[in-house]
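One structure is given here, and the rest of the page talks about it.
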Amino acid sequence: MARTPTRGDVSALILAVLGEGALHGYAIAREVERRSESALALREGSLYPALRDLEASGYIVGQWDDAATPTGTPARKTYKLTATGQTELENRAREWQIYARALNGFLGGKLDAEKT
Amino acid sequence: MLKKPEPQSLESYLSQIERELRDLPSQARADEMREIESHLRAMIEARGDGSIAEALRQFGKPRKVGRDLCKAWERKQPESWINSALALVAGCLFVSGDTLGGRFFSFSTYLQYFFAGNFGYHDKTLATYFLVEVLLSLIVGATIGFLSPKRSRIIIALSFLLLMLSNFFPDIAFGFWFRFPTIYVPRFSTYAFLLLCLLIGSRWGIRFSKKHKIQIV
């Protein structure tokens, strides 16, 4: 069953996706969907408050691409990671790994035990 | 027989979001709406059947999206200490205005006794009292111009409540020390009415300054 990420998780997801390259909001949502294999049920509207928070913290910068897309859709704003954002991403990844390893100690072995 | 609710259109969805962003500067609001609309149109286009309803459901409830975005903007632009101080001054004056006016009135009556030998109030003293109330209202109204739109809405609502109370329950007053029945109702109502007009005027001033990018503080 798909899980809705919390607000803190959404900003971490955005940082992780932008760590691979600059993207606009819609592309960020599609990339989260692809990489999570639809396991994360992201309310796409929740991306924009998280993007504003990350901009305010200086982790990302946004820039309008004023040329309209070929299909005539409105111009898009592309976001990219700053140097501070890259450091923040590394810190969060490290914290997550410690947290996941701790949880895995409690829950991770249970599924394997049931399989054997 | 109950009718099926009409499927929501993209325009009505966007207008619900925009309503929640009314406190943002106009350019910022326009940028946010442009970005959201671009995202939504891409979602609708990506769905082969062009289904709007499912795309809107996946994007989230419009009022929640708008409110969360508005809060993110408020976090982005923290209030300066000047605005916080002015809000405190306005709040204190709002609560104590009646008392301060009453104190001045009392001082005027004592002066009258000292010079004229009697405690009775007359038109000049009453006029002084009202003048103090008007002055206090002007000060509160001017400081309200620097408050956040949310706070000014709260104080407008309180002023309206004060106006209603003073009209229907003239004995209810906070900080009131005098019991002159003849001036009870008009004095309290005057203060609340003046304050309400000034607050509404200052709210218009805030919107005008944002629209024309005039920096107040």
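All chains are named by letter (A, B, ...) in the order of the sequence lines, taking the proteins before the strands, and each is independently numbered beginning at 1.
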>> Are there residues of residues 51-61 of chain A whose heavy atoms fall under 4.5 Å of chain B's heavy atoms? If so, which?
In response: A/Arg52, A/Asp53, A/Glu55, A/Ala56
>> I need the minimum non-hydrogen distance between B/Ala42 and A/Tyr26, along with the two atoms involved.
In response: O-OH, 3.6 Å
> If you take all heavy atoms of B/Gln58 and A/Arg30, which pair is closest and at what distance?
Replying inline: NE2-NH2, 3.5 Å
> Only one of A/Arg76, A/Glu44, A/His24 forms a side-chain hydrogen bond (donor to acceptor under 3.5 Å, both in side chains) with B/His39, so which one is it?
Replying inline: A/Glu44
> Hey, are the side chains of B/Asp68 and A/Tyr48 touching, using non-hydrogen atoms and a 4.5 Å cut-off?
Replying inline: no
> So does A/Glu90 have more than 12 non-hydrogen atoms from other groups sitting under 6.0 Å from CD?
Replying inline: yes
> Which heavy atom of A/Pro49 sits nearest a heavy atom of B/Ala72, and at what distance?
Replying inline: O-CB, 3.7 Å
>> Please classify the contact between A/Ala29 and chain B as side chain, backbone, both or neither, with a heavy-atom cut-off of under 4.5 Å.
In response: side chain
> With a 4.5 Å limit on heavy-atom distance, are the side chains of B/Glu32 and A/Lys77 in contact?
Replying inline: no
> What do you reckon, is CZ of A/Arg35 surrounded by more than 12 foreign heavy atoms closer than 6.0 Å?
Replying inline: yes
>> What part of A/Leu47 gets within 4.5 angstrom of chain B, counting heavy atoms only: side chain, backbone, both, or neither?
In response: side chain
